[in-house]
Amino acid sequence: MDVPAKYNPAEVEDKWYQYWLKNRFFHSEPNDRPSYCIVIPPPNVTGVLHMGHMLNNTIQDVLVRRARMQGYNACWVPGTDHASIATEAKVVERLRAQGIEKKSISRDEFLKYAWEWKEEHGGIILKQLEKLGASCDWDRATFTMDPKYSESVIRVFVDLYKKDLIYRGVRMVNWDPKAKTAISDEEVIYKEVQSKLYYLRYMIEGEDSYVVIATTRPETILGDTAVCVNPSDPRYQHLKGKRVLVPLINRPVPVIMDDYVDMEFGTGVLKITPAHDVNDYVLGDKYNLPTIDIFNDDGTLNEDAQLYVGMDRFAVRKQIEHDLQNAGLLDKVEDYINKVGFSERTDVAIEPKLSMQWFIKMKELSEPALEAVMEDDVLLFPPKFKNTYRHWMENIKDWCISRQLWWGHRIPAWYMLDGEFVVAENEHDALHLAREKSGLSDLQLSDLRQDEDCLDTWFSSWLWPISVFDPELPGSEEAEPNDDFSYYYPTTDLVTAPEILFFWVARMIIAGYEWAGGYPFRNVYLTGIVRDKQGRKMSKSLGNSPDPIKLMEQYSADGVRMGMLLSSPAGNDILFDESLCEQGRNFNNKIWNAFRLVKSWTVDKEKEQPLYAEQAVEWFNTKLNKTIEELNDDFEKYRLSEALMRVYKLFWDEFSSWYLELVKPPYGEAVDSKTYLATLILFDELLRLLHPFMPFITEEIWHYLVERKENESIMVSRMPRAEEYDEAVLTNGERMKELITGIRNIRKERNIPQKDTLELFINGEHPAEIDSMVAKLANLEKITPSEEKPANASSFLIGTIEYHIPLGDMLNVEEELKKLSEELKYLQGFLVSVRKKLSNEKFLSGAPEHVVAVERQKQADAESKIKTLEERIAELGNL
RNA sequence: GGGAGUAUAGCUCAGCUGGUUCAGAGCAUCUGCCUUACAAGCAGAGGGUCCAUGGUUCGAAUCCGUGUACUCCCACCA
């Protein structure tokens, strides 16, 4: 087989992905081997791959490929999330572009369009994952609105309702006026905004005086039903029992007294708008105030506002400022920075709004999940998230799960004509229950009306690790869990972003204990957030996020994978820099060229293996074993970037720069077969170690390396295991490198070409085993252990051993003296500090014995080196 | 307002139970090299007040206190 001079990733990567698919290497089914399982954090079905996905899925692929090669029955379950709000928003937008308004069509018609959209766009992100090399078991791909999956969602709702953990009620919720739905507290993002504080005059009823009230939202005065002062505020005692007039509309509202009011803030008077502020709502409740909701669902003002009806809330704010000014009711306006909640999905300002919603009581439900993490049944990486998790779980609030949307799982509640409702898994059961409840045995389905709302997307995602295997909710019923569930659950690792620790991770753990009999995964690896070089979060609006597909075209998928991994210590944010992908591409190139070198050798079967080659093989094999051991440790701690860096250095520095240079046959000569075979084996092992990180190039080369059968693949080969190794071999190897470096430096200083042979005289206890390797790399004619020190030689010390290279006339005595004296000076200073330490009584009595011994050894070595150097300097001086 | 985290080379980060892995790695930079796998390369080199300041200790990048700067999470005073 001819090896192309250039590596062509685009072609190669596609080829092998198809090969893997064809041979069903990604597929897993329960068997008698131990399982290793990851469920993907399902991306939004309408989503497009971004850098966060890249990071996340690269990590998952590395873990699952490694596990597979370690002999686990590895399964990575892919899928997509229906993402209620985001998808519905896109469908609405598309319809609008076609001139169709959502409210002009029926629910069924809308859903038809939505499913069309899903069919068109739903596959995109999964196709993109293929480019990355994701070894997902595509046969198991699940969508959170698959019929089976939906059944499990509804089943859970009914179960919770039966357990009295779901209730319906009017509460203040976060209203998204763009998506026109309630959202949960977790979906609100608070941002600091530059706003204004308006000081408004409220006339006191029947008097010619007024009080001034500061507010950031003057448009909400139309919904005011009281003003409030602190009872101990001396400035406002005269207001007790009086009423004030809401500006512009002159509605009289009472003055109430409550110490909730902060006397320091603004003017110390607070306007109360129970329908549009959470705190006001609480006060309104306490004092039995009426609530006036002045907003429509889309954030425009309604009839109850009396003024500005139909105008948008922000337009009203401008207008009312103007009108108040004209009416002489605006005292002043100040600049003010406050925090405003924005919708995570639509990025519009949240409107607190009273409405009828469904909630889950979370307190009791969450207790086992809190314990699971506290007791380390579920491990978080990095562990600092344990604290955050605990804090949230201990202060958990009820979860608003209803959304005023059509795209999603419809709430399985049916209302009767009298407003009473029943909750059931289907219409049939609902009718049965309704007849029972109402006592009307002739009640018909047409007498029932199903709740219009959908469930929060996360209400389905929290079942993900359970329902992808068994939609029957194995833990909650008598029913036997199916084979998939019994085998794969609990899964092994979960890899996700810390942003969704509460949205998703915590709730999955809760669901696991409630419906699957235990935790859903053993380890949670929380990745960082991908930021750009300036530390800004990558976002569409900033345009600072590279397109992963383009990156892969430019640097290869393997290259981009490497770029992602090199910058990804768990939990820390990632400052993504394209140059890391470049490093990945360069590494591809390095691997390819190293391979080309080996493949270019001609093999001479008659040739004896030179000693240096035999030793090189032994040395690198030892190095390999030690590295494997270290890699195991890295993976246990999920230190993936360190693991990759370790293999990178092993391949580039140890293998290419040292090993290959050592065993490379001299120009024009053939390699002996023993060395050649050994090199192929070592190369093979390196490829396997590299495979989880760089699956494509390793597969390509693996097939060139030796002839493979039709259905063989490196991805199902065995990961090399650490064998016992001899530390002494490694120590000698390091000595060999130091010696070579010393000799190279002398060559360089004196401009001696590599082809000129040199001689080496050694004074001291030098390990002669390495001589053969040293001679090969340094082009030495002979190596002579010698008490005698050759004249006209340049010399250097390694440890306490002195090495001399005779240079004859080429020796520059002056420079040599300078070099040696500098080293001497350093050693003398060093010796002083060591002696000082050793003459300190407290050190001798306080420090452990081995530390003292080490210091003594340092002292002896330094003394010996100094003696050697002094002698050498004297000799040179005599020349 | 409450909590957590981070601060080490130009950049990104290691540095575990205080002591030979103690000041490290990769990248970048600089200096030589188109040397018969690779210039996307090879061989070398330089580069640090370990944020500041007190303390504990024979000994501190490491432990403790204080301060400063940044980041994140939670709460939400109009």
Side-chain angles (χ1 to χ4, degrees), chain A residues 3 5-7 185-186 188 190 197-198 213-217 220 228 260-262 264-273 277-280 336 338-341 382 384-392 395 498-499 501-502 529 531 533 535 555 559 566-569 571-577 579-580 582-601 633 637 639 641-642 644-646 648-649 652 656-657 660-661 664 666-668 740-741 744-745 747-749 751 753-755 837 840-848 850-852 854-855 857-858:
Chain A
V3 182
K6 276 237 173 284
Y7 176 58
D185 293 343
E186 287 70 31
V188 180
Y190 286 90
L197 197 55
Y198 302 85
I213 298 179
T215 178
T216 52
R217 301 201 56 194
T220 62
C228 186
Y260 165 77
V261 176
D262 178 359
E264 304 295 313
F265 190 89
T267 60
V269 190
L270 176 65
K271 69 186 210 56
I272 307 292
T273 321
D277 184 282
V278 181
N279 299 301
D280 291 9
Y336 183 68
N338 68 341
K339 283 193 165 181
V340 178
K384 67 173 178 186
F385 285 107
K386 225 169 132 170
N387 262 328
T388 323
Y389 181 87
R390 191 188 64 207
H391 187 257
W392 190 76
N395 296 291
E499 297 166 294
L501 186 59
F502 307 131
I529 293 167
R531 296 172 181 279
K533 263 167 99 176
Y555 298 107
L566 280 180
S567 55
S568 64
N572 283 343
D573 283 0
I574 290 149
L575 300 185
F576 179 77
D577 184 346
S579 71
L580 290 168
E582 199 178 327
Q583 198 180 342
R585 180 199 57 184
N586 293 355
F587 190 35
N588 265 343
N589 198 243
K590 186 70 184 180
I591 300 170
W592 189 251
N593 282 311
F595 172 65
R596 278 177 57 220
L597 171 67
V598 175
K599 264 298 177 184
S600 73
W601 290 341
D633 190 52
K637 297 178 176 130
R639 300 166 76 137
S641 24
E642 279 181 42
L644 174 55
M645 186 44 71
R646 206 181 289 287
Y648 174 79
K649 285 195 276 192
W652 200 305
S656 298
S657 298
L660 287 180
E661 293 301 329
K664 190 155 91 174
Y667 183 60
I740 298 294
T741 304
R744 278 176 185 163
N745 280 336
R747 275 190 193 275
K748 190 163 172 159
E749 277 161 27
N751 261 324
Q754 176 67 22
K755 61 181 190 307
K837 214 182 229 186
N840 182 340
E841 271 308 314
K842 286 181 174 170
F843 172 72
L844 292 177
S845 55
H850 71 274
V851 174
V852 177
V854 163
E855 291 299 318
Q857 185 61 48
K858 278 194 210 166

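None of the values given here were measured: they were computed from a predicted structure. Atoms considered below: every heavy atom in the structure, side chains included; atoms not considered: hydrogens, waters and symmetry mates. Chain identifiers are assigned alphabetically (A, B, ...) following the order of the sequence lines, protein sequences preceding nucleic acid strands; residue numbering begins at 1 within each chain.
Gln583(A) comes within contact range of the sugar-phosphate backbone alone, with a heavy-atom separation under 4.0 Å but no base atom that close. The residue Asn840(A) sits close only to the backbone: its heavy atoms come under 4.0 Å of sugar-phosphate atoms, none of a base. Within 4.0 Å of Val261(A), counting heavy atoms only, lies at least one base atom of the nucleic acid. Counting any heavy atom pair closer than 4.0 Å across all strands shown, Lys755(A) reaches no nucleic acid atom. Residue-level contact check: Pro753(A) touches neither bases nor backbone, having no heavy atom under 4.0 Å from any strand.
Judged purely by distance below 3.5 Å, without hydrogens or angles, the side chains of Asn588(A) and Arg585(A) never pair a donor atom with an acceptor atom. With 3.5 Å as the limit, one finds no donor-acceptor pair spanning the side chains of Lys386(A) and Thr388(A).
The two residues Leu597(A) and Ser600(A) have their closest heavy-atom pair at O-OG, 2.6 Å. Between Gln583(A) and Met645(A), the shortest heavy-atom distance links the atoms NE2-CE, 4.4 Å.
By the 30° and 60° cut-offs, the orientation of the rings of Trp392(A) relative to Phe502(A) is parallel.
Residues passing the ring pair (Phe, Tyr, Trp, His ring centres under 6.0 Å) test with Tyr648(A) are Phe587(A), Trp652(A), sequence neighbours excluded. Among residues two or more places apart in sequence or in another chain, the ring pair (Phe, Tyr, Trp, His ring centres under 6.0 Å) test is passed with Trp601(A) by none. Residues passing the side-chain contact (heavy atoms from CB on, under 4.5 Å) test with Thr267(A) are Tyr199(A), Val212(A), Tyr236(A), Val269(A), sequence neighbours excluded.
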Distances for protein N or O near nucleotides 3-5 of chain B N or O, under 3.5 Å:
none

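Relative to the ring axis of Phe843(A), Lys837(A) places its NZ or CZ within 45° and under 6.0 Å from the centre.
In this structure, of rA78(B), rA25(B), rA14(B), it is rA14(B) that holds the atom nearest to the side chain of Glu642(A). Comparing rA78(B), rG19(B), rC27(B) by their closest approach to the side chain of Thr215(A) singles out rA78(B). For Val851(A), taking side-chain heavy atoms from C-beta onward, the closest of the listed nucleotides rG19(B), rA14(B), rA78(B) is rG19(B).
For the atom pair CZ (Arg639(A)) and CG (Asp633(A)), the distance works out to 8.0 Å, reported to the nearest 0.5 Å.
A distance of about 26 Å separates the P atoms of rC13(B) and rG18(B), rounded to the whole Å. Taking atom P on both rA28(B) and rA39(B), the two are 16 Å apart, rounded to the nearest angstrom. Spacing of P atoms, rA23(B) relative to rG46(B), comes out at 16 Å, to the nearest Å. Using atom C1' as the reference point in both rU36(B) and rC42(B), the two lie 14 Å apart (nearest Å).
Counting only distance, with no hydrogens or angles, the side chain of Asn593(A) and the backbone of Asn589(A) share a donor-acceptor pair below 3.5 Å.
Sequence order on RNA chain B of the closest nucleotides to Met645(A) and Trp392(A) puts Met645(A) first from the 5' end. Where Phe502(A) and Glu264(A) each meet RNA chain B at their nearest nucleotide, the meeting point lying more 5' is that of Phe502(A).
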Contact letters for nucleotides 37-44 of chain B, in which S counts primed atoms plus P, OP1 and OP2 and B counts the base, heavy atoms under 4.0 Å: BB-BSSBS
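Checking the phosphate oxygens (OP1, OP2) of rC73(B), no side-chain nitrogen or oxygen of Tyr389(A) falls inside 4.0 Å. Distances shown here put a side-chain N or O of Arg639(A) below 4.0 Å from the OP1 or OP2 atom of rG15(B). In this structure, Tyr190(A) does not reach the rC72(B) phosphate: none of its side-chain N or O atoms is under 4.0 Å from OP1 or OP2.
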Dot-bracket notation for RNA chain B, counting Watson-Crick and G-U pairs under 3.5 Å, with | for partners on another strand: (((((((..((((.....[....)))).(((((.......))))).....(((((..]....))))))))))))....
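In this structure the side chain of Ile213(A) never reaches within 4.5 angstrom of the side chain of Leu270(A), judged on heavy atoms.
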